[in-house]
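Keep in mind that this is a model prediction, so the values were computed, not measured.
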Amino acid sequence: MVADNRLSLPLEARLVFLSAGGTWADPEIRRLLATPLRWPAVLALSRREGATPIVLARIRELSGPDLPTEPLTALQRLAEVQEFRMALLEERLSTFLGALEERRIPAVLLKGAAIAWTKAGAFHQRPMGDLDVLVPEAEAGRVHELALTMGWTTPGRGLTPEMYQDLHHLLPLDASDGLGFGLEIHTELFPGWSPLRFSAGDVWRDAERIVRPGSFGAALVPSLHHQLLHTCLHFAWSHCFGRGAWRMVRDVDLLLADPRLDPATVVRDAKEARAGTCVYWTLALMRALTGRPLPDGLLEGLDVSPPDLLRVPLLRHLAEEAQGNRGTPGTRRLRRTLWAMAIRPRRSGHGRVRPWTGAERWAAVADPFGLDRDAGNRLSLRLRGFFGYSAHVLLGRGA
């Protein structure tokens, strides 16, 4: 199966996203490798997503003898750096969890670390830049202080603890070695004002214990279905579809491959969490980017499928977001409007709350949702971008 050709996804982007999949993607990867490719675009997207080790491995496994050597050499260099960084990050996590275990502080691995150790096998098979660890709220301050004694430092980006007082994690920490790692100590999954009904209590209730041979011992991870739900919500809600698309594809593919996954449970959890549209569009985008078959009845069970008149334009927009094409949308309002058309917050029971609620506290530091990148443009440029991008998502014309 191939991806939805109405999205006009560049061949290079299709190759990178397919590399995140399993053996079902092999025939299409072989076909793409037999076509002329813009290798700088492959390298750029692979590097942006931190996916170079996996992209390189899939290309080496599936390419023919005529593949140019220069792209492989460049990918090899990037992959070696990434594999080294992931090995260090995995070692850091093992040491940190070992210290928590000595102090009898329970912790649940979230997102990338949980996927890496339960599905991918190792960190370089599921690259990430941050570690996310859920701890009991009463222990969060103690864990934060412990991390500071273990080579993690407070960030120097103008962030303060006060900015995170009512959020779902404490002030993020940076690795002191300058390799760009981050550590987020969570007490919840989403901010207190979030309308989503999926909480740390749900994760703690169903968390599973895994054993890591050769490491500190054991760890807690969310259940299979909670990992999938959190993946979809983190991508569609927390990141507004704008970051981590390759990692989303990787995670969803690995989780769907688990024979224990029950589509009815996925649908039930999504509806109970007020997350039907978030799950629907995450899975629909994953399928559109890669052509990966989904379990029968999964999208249909969510009962949020829009008319085809809207579905294809919205998928085009989400595909642009997935590729990191931030310069294309004409205005911040347009991006927010398209997000709301997909998620339908009011119908989903979200009221007036949006992911960017309260984001003004970071205005002087950074725009975490990437929604203000065109704020300084002149009106004529904004209008040109607005109408040009609207034509692209509605009609499939070049943006």
If you count the non-hydrogen atoms of other residues, nucleotides and ligands that lie under 6.0 Å from [atom1] in [X], is the total more than 12?
{"X": "Glu300", "atom1": "CD", "value": "yes"}
{"X": "Arg274", "atom1": "CZ", "value": "yes"}
{"X": "Glu91", "atom1": "CD", "value": "no"}
{"X": "Glu61", "atom1": "CD", "value": "yes"}
{"X": "Arg197", "atom1": "CZ", "value": "no"}
{"X": "Arg205", "atom1": "CZ", "value": "yes"}

Using modelled atom types only, decide if a donor and an acceptor are shared between the side chain of [X] and the backbone of [Y] within a distance under 3.5 Å.
{"X": "Gln82", "Y": "Gly50", "result": "yes"}
{"X": "Ser238", "Y": "Phe190", "result": "no"}
{"X": "Asp206", "Y": "Val203", "result": "no"}
{"X": "Arg38", "Y": "Glu12", "result": "no"}

Non-neighbouring partners of Arg268 that pass side-chain hydrogen bond (donor to acceptor under 3.5 Å, both in side chains), sequence neighbours left out: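 For Arg268, no residue satisfies side-chain hydrogen bond (donor to acceptor under 3.5 Å, both in side chains) once neighbours in sequence are set aside.
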Counterpart residues, side-chain hydrogen bond (donor to acceptor under 3.5 Å, both in side chains), relative to Thr265 (two or more places apart):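 Applying side-chain hydrogen bond (donor to acceptor under 3.5 Å, both in side chains) to Thr265 gives Asp262.
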Salt bridge between [X] and [Y], side-chain N to carboxylate O under 4.0 Å?
{"X": "Arg103", "Y": "Glu139", "value": "no"}
{"X": "Arg209", "Y": "Glu101", "value": "yes"}
{"X": "Glu145", "Y": "Arg142", "value": "no"}
{"X": "Glu208", "Y": "Arg260", "value": "yes"}
{"X": "Asp26", "Y": "Arg58", "value": "yes"}
{"X": "Arg77", "Y": "Glu80", "value": "no"}

How close do Val266 and His225 get, heavy atom to heavy atom, and via which atoms?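 Scanning both residues, the minimum pair turns out to be CG2-CD2, 3.8 Å.
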Residues [X] and [Y]: side-chain donor-acceptor under 3.5 angstrom:
{"X": "Arg250", "Y": "Gln125", "answer": "yes"}
{"X": "Gln76", "Y": "Arg60", "answer": "yes"}
{"X": "Glu90", "Y": "Trp117", "answer": "yes"}
{"X": "His186", "Y": "Asp132", "answer": "yes"}
{"X": "Ser19", "Y": "Trp246", "answer": "yes"}

Any heavy-atom pair between the side chains of [Y] and [X] that's under 4.5 Å?
{"X": "Asp253", "Y": "Trp24", "result": "yes"}
{"X": "Arg352", "Y": "Arg346", "result": "yes"}
{"X": "Leu338", "Y": "Met341", "result": "yes"}
{"X": "Ile185", "Y": "Val133", "result": "no"}

Under 6.0 Å from the ring centre and within 45 degrees of the ring axis: does the NZ or CZ of Arg92 meet both conditions for the six-membered ring of Trp152? yes
With a 6.0 Å cut-off on ring centres, are [X] and [Y] close enough?
{"X": "Phe198", "Y": "His226", "answer": "yes"}
{"X": "Trp339", "Y": "Trp356", "answer": "yes"}
{"X": "His350", "Y": "Trp237", "answer": "yes"}

Answer yes if Leu100 and Leu170 sit in the same cluster of Ile, Leu, Val, Met, Phe, Trp and Tyr residues linked by side chain heavy atoms under 4.5 Å apart, and no otherwise. no
Test salt bridge (Lys or Arg N to Asp or Glu O under 4.0 Å) on Arg243 and Glu321; report intermediate values, then the result. CA-CA 8 Å; Arg243 284 193 304 171; Glu321 296 282 84; over 6 Å; no
Taking atom CG of Leu256 and atom CZ of Arg292, what is their separation to the nearest 0.5 Å?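 If I round to the nearest 0.5 Å, the distance is 4.5 Å.
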